[in-house]
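Worksheet: one structure, shown below.
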Amino acid sequence: MTTSDASPTSAAPSNGDYSASSIQVLEGLEAVRKRPGMYIGSTGPTGLHHLVWEVVDNAVDEAMAGYCDRIDVAVKPDGSVEVIDNGRGIPVDTHPKYEDMSAAEVVLTVLHAGGKFGDGGYKVSGGLHGVGVSVVNALSGRVEVEIDRDGKRHAMSFVDGGQPDRKLTVIGESPFNGDGKPRTGTTVRFWPDPSIFKEGTEFRFQTMVDRFQMMAFLNAGLELHVIDERDPSGEEVVLRYDGGIRDFVNHLNGSKEALFDEVGWFNEEAEDEQVEIAFSWNTGFQTDGVHSFANGINTIEGGMHEQGFRSALTRTVNAYARDKGLLKEKDDNLQGEDIREGLTAVISVRVVDPQFEGQTKSKLGNVSVRTLVEKATNEQLKEWFEEHPREAKAVLTKATNAARARIAATQARQNIRRKSALDGAGLPGKLADCQSKDPSESELYIVEGNSAGGSAKEARDPRTMAILPIRGKILNVERARIDRMFKNTEIISLIQAIGAGLGEEEFDLTKARYHKVILLADADVDGSHIRTLLLTFFFRQMRPLVEAGYIYIAQPPLYSTIVGKKKIYLKDDAARNGYAADHPRAEFQRLKGLGEMDASELWETTMDPETRTLLQVTVEHAAIADEVFAVLMGDDVESRKHFIQTNADDVRFLDI
Ligand code: 0RA
């Protein structure tokens, strides 16, 4: 592999003459090398993986157009990635606009050339970033392309960010397919340029598999083979879902107990737009199970397709309930959140001219899509309910219960407010508050167990540190509805101490009484459990606190050793091993729990701002905790077993 710091535009052409148009081409790719972020978001790991997405998206476009049903992706031991598809093959004839270049060369060297030229261009294109393979070429030290088309195998290659190495050449005949016709398809292999990706060019296999699994779900029947050839024992992963988004819904529901076995499905097409929706309900209480996609891109900020579905869902369910007499005239309508409780749905739309909006460009803005989705849902969901009366009944019973719980929760919330007002400051009795009233310097330690709570109280700096001891395992928030949560004393204490309310609508970050909420639990399995539980609670009920970076995990040391008369604490295995290397005769005690430390030890090792290590919890941590929690606490024993078996070695999951 060759890399170059020299600018390709200033370098003399390495082979042959270039016409004016070729020089422009080089300047185009040079612009990408100057500002890679503009094209792939960043030059960190996310940007690096974008290169793979770009190449695979092109192959998936070919599949969406109906010409490709298999894509093979391999991460090679030399750090390159190879993507093979059995599509039509990039056109090899001379390009009408660039007389000295083949169409394939144009696709690889002209920005935005992609599939957008000629009659063979795609109607619906994937790739939100849709920047084209030329960008991959610009940011690679080497690119090799092989094309089977018209019975011939063609090859070309580029070096140093898109400079021609070998012009498109016929290198032989294409092999024959099983059907007696010569094979068609495209192979792209690229070596990311380490002078661009300064944080490294190492691909993460699991990230790739996750993304390809999503693509396989969204393109029913498409077969993706993925292999990590860097790992000698690595096996090929084959992703193919003939049920498409119905399989996706089952997968998302994986660890949850289904309300009924059926997965509903419908689709509708209009000019330049199509929609496909699959849905099912589980017995859980979450209301955020609607996942949407536009042209294969996960629209995490939602948009017109989600809006259309939600409003039609609410309307259809209420109309059905009234029609069947399950809601009486005097009854209030069910609300959207009541109906969405336990719902898992996948909405996939394909739009010719998608408008991506919002902060992360992942919100679909096309108004016409809302109309289409709304119409499709109004008509076809109604029909589905008519044809599935037993399932419809189960959904309505669940939604009615959810509505009751919602009303009870409002009541309970008002009671807490009233109670807080009567209790003066409204602070829980168990809280040893700090003296400071300035949230930016105040810290709340949530300590597992009363005895550790006692030591922490004794140890703390009372000016800025508050202590809230909590007992054993708090309520399981996954199964509990919000109304029951309000009755749990541990939860009430937490809400009162933090002082900012809870839930999506009500939580007010500006009212938080502490800007550090520190979880202090033992470094053992029970401690890990309670941490997972608390993180899940914060993730579900006080997410802005997590987003603001206010949640921390204290890290009590795992080991101690005696040196003369002094006790030295060592944070973890790595610290112990490091110490052992320098002091071969040292003996180590494994610390069992917070309870074993007296107040001064606890201060010194875990609480003293000068010496403690705090882990700041990210939304990603909390989301993982939430997912772990759903599996560990849910009803599905098989998933739980599988999860523990597959993640036992992954400390990231079980012990943050
Ligand atoms: C432009 C036009 C056509 C296909 C492609 C590009 C194409 C690009 C890639 C990238 C990876 N695999 C690909 N496969 C196809 C249309 C070709 C025609 O009209 O036959």
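Quick caveat: nothing in here was measured; it's all calculated off a predicted structure. All ligand and atom numbering here is 1-based and tracks the order in the structure.
Heavy atoms of Gly87 stay at 4.0 angstrom or farther from ligand 1. Asp85 counts as a contact of ligand 1, since one of its heavy atoms falls under 4.0 Å from the ligand.
Distances below 4.0 Å separate heavy atoms of Arg149 from the following atoms of ligand 1: 17 (C), 18 (C), 20 (O).
Among pairs with a residue in residues 374-383, those fulfilling salt bridge (Lys or Arg N to Asp or Glu O under 4.0 Å) read Glu268-Lys375, at least two apart in sequence or across chains. For the salt bridge (Lys or Arg N to Asp or Glu O under 4.0 Å) condition, the pairs that include at least one residue of residues 172-185, sequence neighbours left out, are Asp148-Arg183.
No hydrogens or angles considered: a donor-acceptor pair under 3.5 Å links the side chains of Thr360 and Glu301. There is a side-chain donor-acceptor pair under 3.5 Å between Gln307 and Arg370.
For Glu54, no heavy-atom contact with ligand 1 is shorter than 4.0 Å.
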